[in-house]
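Here is the structure we will look at, set down as structure tokens.
Here is the naming used below: chain letters follow the sequence lines, and residue numbers restart at 1 for every chain. Predicted model, so just to flag it, every value in this text is computed and none were measured.
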There are 4 protein chains.
Amino acid sequence: MPEPIPRGRPRSEQSRRATLEATRELLHSVGYDRLTIEGIASAAGVSRQTVYRWWRAKSAIVAEAVLDGVIILPGAAAAGGSIAGILNAMGASLGSPENAGLVRALAAAAADDPAASEALYERMTGPTHAALARSIADGVARGALRPDIDPEVAADALIGAVLYRVLTRQDSPPGYGDDLAATVLGATPGTA
Amino acid sequence: MPEPIPRGRPRSEQSRRATLEATRELLHSVGYDRLTIEGIASAAGVSRQTVYRWWRAKSAIVAEAVLDGVIILPGAAAAGGSIAGILNAMGASLGSPENAGLVRALAAAAADDPAASEALYERMTGPTHAALARSIADGVARGALRPDIDPEVAADALIGAVLYRVLTRQDSPPGYGDDLAATVLGATPGTA
Amino acid sequence: MPEPIPRGRPRSEQSRRATLEATRELLHSVGYDRLTIEGIASAAGVSRQTVYRWWRAKSAIVAEAVLDGVIILPGAAAAGGSIAGILNAMGASLGSPENAGLVRALAAAAADDPAASEALYERMTGPTHAALARSIADGVARGALRPDIDPEVAADALIGAVLYRVLTRQDSPPGYGDDLAATVLGATPGTA
Amino acid sequence: MPEPIPRGRPRSEQSRRATLEATRELLHSVGYDRLTIEGIASAAGVSRQTVYRWWRAKSAIVAEAVLDGVIILPGAAAAGGSIAGILNAMGASLGSPENAGLVRALAAAAADDPAASEALYERMTGPTHAALARSIADGVARGALRPDIDPEVAADALIGAVLYRVLTRQDSPPGYGDDLAATVLGATPGTA
DNA sequence: TACTAAACGAGACGGTACGTCGGGTCTTTAG
DNA sequence: CTAAAGACCCGACGTACCGTCTCGTTTAGTA
């Protein structure tokens, strides 16, 4: 009913998918800075005009690639487990050089496009952030965690620590998630 | 002996400074992505060739601008105070939209140049990180902080939280530094 | 019997006329070079596909616009008068900057399409050429003109002179037709 | 003193010549309409930017190609001979399909650029026109030609006739120049 | 006082990518 | 079966920068 009857040739879903997948490939291989619309179009077997018809900037393409889940969001899937579990999953996921490079690329994309920024960070870190904050609030309510912990701020700290190490290219050692949980929350892994 | 007696016209220190300062100006005004060598040269009143003679890429110019302190590193100067003091200084410094934008620009610069990355993050967050870790270790040793705190990891968490909020464009409320210290360290501001 | 019973929706005469009229408008306003099928379709309120269904190239549209008399052929209507009358009519008609521009546009159209070329020149200059040649042959036969005049060649010269001045953007003075007839035919206006 | 000391890398004469020569080649092979700056640059082995640096439009390139004599102007060289000689030279020169196509291309170029128009026609037909008018005026003064001939108008007619046949793609028979001279001037070839 | 050597400005060069326009084609719904 | 709408691939447009390359000029240090 607010449905405006579609006229003309319908948009090619195949072109859309090919574009987003090519974007992911190129983000992995050349990074955000050397990512070009020309390159995306040619790698996707799509005309440049078709790319411009649907996206306004390369940051928008990257954002949609993420929003569509074409770029797998590291750690977000594990957002139901325990606190240390989430952190270790994030650490493990970002431990692969490929994914770490992707995260850095997304940070670059977000740096010069506020619109993309929100979309990217909400999708990448938002769910994880929410899951962590919920678990922590739970723990505080149950008395399992210190009462002076602000769940939202704690979630900032936990995610921020991981992100900081990725951006500064410092590998996180295997048990980093446990150490981090213990340090911030004063809790041993299984306890929370 | 490792001194290769300088011949010919000496390098113009004025051109060098003008280039780095123009880089800072442009990073502020247009961001890293739209920063061009052409633009830097013309803003600095310097020929493009002179820029290319001394730097290999725009990320290298940005890196040197930081290394030379031409770009003021927010928070690094306060690296002598108390923990909450450092955090509040960082928060206040990054609270200005100008500096926040600069940090995002630098994150973008670091994302696609490992060499610049190290230089930038070492200069930007390294001193602060070291100061925090030292203070925290002190507190733990004095028994003023929980013994299960890993000072290095805690510093990651504190800096990471602030960085995370800047990158995701979330304003940090006035007392955020205090909240953060309390949450991560289980300490009220004055205590540490 | 050679009538192939028409099926389906009949061709829209309105679309056809609108296309040809838009072509004329645009030829006047922007010239042949900047004339585009896109522009014709949009000015005519017709879809691009409809234009392509009925014409193969923009030169063909221009040709049909002429053949249909949508573009008024300057001088052709006067093809029944005296020699100097025809020439003066041509000169007057081509004297207006609008028509002169149109003729130059048609020359451009003819330059890169042999098919359009024949159609255009036959329609534009053919009738005039034939009328002139006929009148001249008459005059020669009657002894009113020099016997060494070849009527076809003389018609070439008369039309060519006018065309030459239009193409080189030289205005023809008021009495140019008389001068031309006198020079080529050795005849004063009323005599032939 | 009006000499503005040249700075920077000097313009490459080779690039300039290559561009003009490629323009000539392409005018011959594809005509003015399908002539593209992209095509000129690539055929000349020159970058597109270099073409744009020195010429504002393709019509300007064509004009300079003519002004430099890179495009050989048919008939202009023969501007010293007798009237019929000039005409026959023109006819012979334009008799080759290659040159005829070139003339049509130049007519198209002139049709949509007044600036190019003057340059082209002055170079192409101007000298011939002047030579013819001079010879005819001579003949009239010597009493060898009819006194009612206006030399300028007669030159228009002679050149116009040849041009008209080229533009309408009519081959001129071998003796066409003689016929034309006889018809317009009332003179047998050798007489003038 | 030259001579040498390097840095400097200016600016042209071959390129790559930009974002746009138009060309022809194809695919859908509406008449 | 035509018309409209509009997406598609393609190729050219004119512009902005890229990184490189001459040039003439400037500014040191030798010689």
Which donor-acceptor pairs under 3.5 Å do the side chains of residues 33-46 of chain C make with protein atoms, sequence neighbours left out?
unit_1: C/T36; atom_1: OG1; unit_2: C/G39; atom_2: N; d: 2.8

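- Atom pair A/D33:CG and F/dC17:P shows a separation of 15 Å (rounding to whole Å applied).
- Within the structure, every side-chain polar atom (N or O) of A/S47 is placed at least 4.0 Å from both OP1 and OP2 of F/dG11.
- The shortest distance between side-chain heavy atoms of D/L102 and D/L106 falls below 4.5 Å.
- In this entry the distance linking CD of D/E38 with P of E/dA17 reads 14 Å, nearest Å.
- Listed by residue number, the members of residues 50-59 of chain D with any heavy atom below 4.0 angstrom from DNA chain F are D/Y52.
- For the pair C/Y32 and C/V62, the minimum side-chain heavy-atom distance is below 4.5 Å.
- For F/dG19, the base has a donor-acceptor partner in the side chain of B/R48 [N/O atoms by modelled type, under 3.5 angstrom].
- Rounded to whole Å, the distance from CD1 on D/I37 to P on F/dG11 is 18 Å.
- Contact annotation for D/G45: backbone-only contact, meaning every heavy-atom pair under 4.0 Å involves sugar-phosphate atoms and none involves a base.
- Projected onto DNA chain F by closest heavy-atom contact, D/L35 and A/S12 fall at different nucleotides, the more 5' of which corresponds to A/S12.
- As a whole-Å value, the separation of A/R34 CZ from F/dG19 P is 11 Å.
- Note: CD (D/Q14) to P (E/dA12) measures 17 Å, nearest angstrom.
- Across all strands, D/T36 comes closer than 4.0 Å only to sugar-phosphate atoms, never to a base (heavy-atom distances).
- The closest side-chain heavy-atom distance from B/R17 to B/Q14 is not below 4.5 Å.
- In this structure A/R11 satisfies the side-chain hydrogen bond (donor to acceptor under 3.5 Å, both in side chains) test with no other residue, sequence neighbours excluded.
- No donor-acceptor contact under 3.5 Å links the side chain of A/R11 to the base of F/dG6.
- Applying the side-chain hydrogen bond (donor to acceptor under 3.5 Å, both in side chains) criterion to B/S59, with sequence neighbours excluded, gives B/D113.
- At a threshold of 4.5 Å between non-hydrogen side-chain atoms, the residues B/E13 and B/R16 count as touching.
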>> I need a per-nucleotide contact map over nucleotides 22-31 of chain F, read 5' to 3'. Cutoff is protein heavy atoms under 4.0 Å; write B for the base, S for backbone only, - otherwise.
In response: BB-SBBS---
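- Looking only at distances, no side-chain donor or acceptor of C/R104 sits under 3.5 Å from a matching main-chain atom of C/R169.
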For a quick test of your reading: what N or O donor-acceptor pairs under 3.5 Å do the side chains of residues 48-56 of chain D make, sequence neighbours left out?
unit_1: D/T50; atom_1: OG1; unit_2: D/S47; atom_2: OG; d: 3.1
unit_1: D/W55; atom_1: NE1; unit_2: D/E64; atom_2: OE1; d: 2.8

